[in-house]
Student: 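Below is a structure I'd like to ask you about.
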Amino acid sequence: MFRCGLAFPRCRWIVPLLLLFAIIFDIIAIAAKSGWVEDEEAKTHYTNMWNEWRGRGGNWESRSLMDFSWAQAVAALMIIGLILLIIAFILAVVSMCNIDVGCMYGTATLLAIVVVIQIIALIIYPVNFNERIFEGQYFYTWAYGFGWGATILTLGCSILFCCLPQYEDDLRGEKKIKYFITRP
């Protein structure tokens, strides 16, 4: 595909594998119980996508974030993104096995939609969560990072699926002869 050695026979297995990693990262981000945000050293306040905990000295009070419309929107967008990512993974495997260029463009489009949906969700969360902070310093933890990791992997795969059909001769194993005509 590119002069640096990224050819279709390698992309055929690497790109769906990257999508599989994106699915795993998304599942980790959605299902993580330990938190998306925590205060300094998680002493008084931490949250995941679903709940928040406040307390001191072992007395923790749990509250569902699903009482807030912004948290419901984040959860819905992340789950919709995961479902579309799974569908895109299935399309990717089919398009790579059957060498279907139209299916590759469809996969790229679906992956671009997933990227937009997840970026919206991952931006809504910190913007609205900042209203819940009383004082101190807060950190976004590894589970939130897995959400961004899945989104970045999905963006990269979308770009690869857009570029791959441009090299149709490599897809089918045929080499096109290119003639350069120079006229005085």
Side-chain angles (χ1 to χ4, degrees), residues 11 13-94 96 106-161:
C11 287
W13 303 113
I14 291 173
V15 177
L17 183 65
L18 289 174
L19 282 177
L20 185 63
F21 282 133
I23 291 170
I24 292 168
F25 285 4
D26 241 358
I27 290 171
I28 290 170
I30 291 170
K33 294 288 184 186
S34 64
W36 273 27
V37 180
E38 62 184 32
D39 70 339
E40 200 167 359
E41 298 175 19
K43 291 181 180 177
T44 60
H45 188 198
Y46 71 96
T47 70
N48 61 20
M49 195 172 79
W50 308 100
N51 298 309
E52 75 174 332
W53 291 267
R54 290 185 186 269
R56 288 193 187 273
N59 296 327
W60 291 93
E61 179 184 321
S62 175
R63 181 174 178 190
S64 174
L65 286 177
M66 292 298 114
D67 296 337
F68 302 102
S69 59
W70 62 267
Q72 292 173 358
V74 168
L77 289 171
M78 289 299 288
I79 292 170
I80 290 169
L82 176 62
I83 292 168
L84 291 177
L85 189 56
I86 292 169
I87 293 169
F89 173 74
I90 294 167
L91 282 175
V93 170
V94 168
M96 289 297 195
T107 304
T109 304
L110 193 57
L111 289 173
I113 292 169
V114 169
V115 168
V116 170
I117 287 172
Q118 288 190 341
I119 285 176
I120 291 170
L122 291 167
I123 289 175
I124 288 173
Y125 190 88
V127 166
N128 288 291
F129 182 78
N130 284 340
E131 296 172 3
R132 310 227 11 96
I133 296 174
F134 294 129
E135 62 185 35
Q137 192 171 11
Y138 283 76
F139 301 103
Y140 291 92
T141 63
W142 60 270
Y144 184 73
F146 269 106
W148 277 108
T151 305
I152 292 167
L153 277 174
T154 305
L155 176 64
C157 289
S158 177
I159 292 168
L160 282 174
F161 271 107

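These values consider heavy atoms only, across backbone and side chains, with no hydrogens, waters or symmetry-generated copies.
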Student: Sequence neighbours excluded, which residues qualify as side chain to side chain contact (heavy atoms under 4.5 Å, CB included) partners of Phe146?
Tutor: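 Result, side chain to side chain contact (heavy atoms under 4.5 Å, CB included) vs Phe146: Phe25, Ile28, Ala29, Trp142.
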Student: Nearest 0.5 Å, please: how far is CG in Leu153 from CG in Leu111?
Tutor: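 With rounding to 0.5 Å, CG (Leu111) is 11.0 Å from CG (Leu153).
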Student: Please tell me if the side chains of Met49 and Ile30 come closer than 4.5 Å, counting only heavy atoms from C-beta onward.
Tutor: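 Yes - at least one pair of side-chain heavy atoms lies under 4.5 Å apart.
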Student: Check for a donor-acceptor pair, side chain of Ser158 on one end and backbone N or O of Thr154 on the other, with a separation under 3.5 Å.
Tutor: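 No; zero donor-acceptor contacts below 3.5 Å.
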Student: List the atom of Ala150, the atom of Ala22, and the distance in Å for their closest heavy-atom pair.
Tutor: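 Answer, listing the atom of Ala150 first, then Ala22: CB-O, 3.4 Å.
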Student: Compile the donor-acceptor pairs under 3.5 Å between side chains in residues 82-90 and protein atoms, sequence neighbours left out, one pair per line.
Tutor:
none

Student: If I take atom OG1 from residue Thr107 and atom CG from residue Leu19, how far apart are they, to the nearest 0.5 angstrom?
Tutor: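 If I round to the nearest 0.5 Å, the distance is 8.5 Å.
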Student: Rounded to the nearest 0.5 Å, what's the gap from CG on Leu110 to SG on Cys157? Could you check?
Tutor: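 The CG atom of Leu110 sits 12.5 Å away from the SG atom of Cys157.
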Student: Please set out all donor-acceptor pairs under 3.5 angstrom arising from side-chain atoms of residues 112-128, sequence neighbours excluded.
Tutor:
| residue | atom | partner | partner atom | Å |
| --- | --- | --- | --- | --- |
| Gln118 | OE1 | Thr151 | OG1 | 3.1 |
| Gln118 | NE2 | Asp26 | OD1 | 3.0 |
| Gln118 | NE2 | Asp26 | OD2 | 2.3 |
| Tyr125 | OH | Thr47 | OG1 | 2.7 |
| Tyr125 | OH | Asn48 | O | 3.0 |
| Asn128 | ND2 | Ile124 | O | 3.1 |

Student: Just jot down the side chain to side chain donor-acceptor pair (under 3.5 Å) partners of Trp148, sequence neighbours excluded, or say none.
Tutor: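 If we apply the side chain to side chain donor-acceptor pair (under 3.5 Å) test to Trp148, skipping adjacent residues, the hits are Tyr144.
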Student: Please table the atom pairs, donor to acceptor, closer than 3.5 Å between any side-chain atom in residues 70-77 and protein atoms at least two apart or in another chain.
Tutor:
| residue | atom | partner | partner atom | Å |
| --- | --- | --- | --- | --- |
| Gln72 | NE2 | Met66 | O | 2.6 |

Student: Distance check, rounded to the nearest 0.5 Å: Phe161 atom CZ versus Met96 atom CE?
Tutor: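 Result: 4.0 Å between the selected atoms.
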Student: With a cut-off of 6.0 Å (strictly less than), are more than 12 heavy atoms of other residues, nucleotides or ligands near CZ of Phe68?
Tutor: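 It does: Phe68 CZ has more than 12 such atoms within range.
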Student: Hey, what do you get for CD (Glu52) to CZ (Arg63), rounding to the nearest 0.5 Å?
Tutor: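 Taking CD in Glu52 and CZ in Arg63, the distance rounds to 6.0 Å.
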Student: So, using side chain to side chain donor-acceptor pair (under 3.5 Å) as the criterion, who are the partners of Trp50 when residues are at least two apart?
Tutor: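 Result, side chain to side chain donor-acceptor pair (under 3.5 Å) vs Trp50: none returned.
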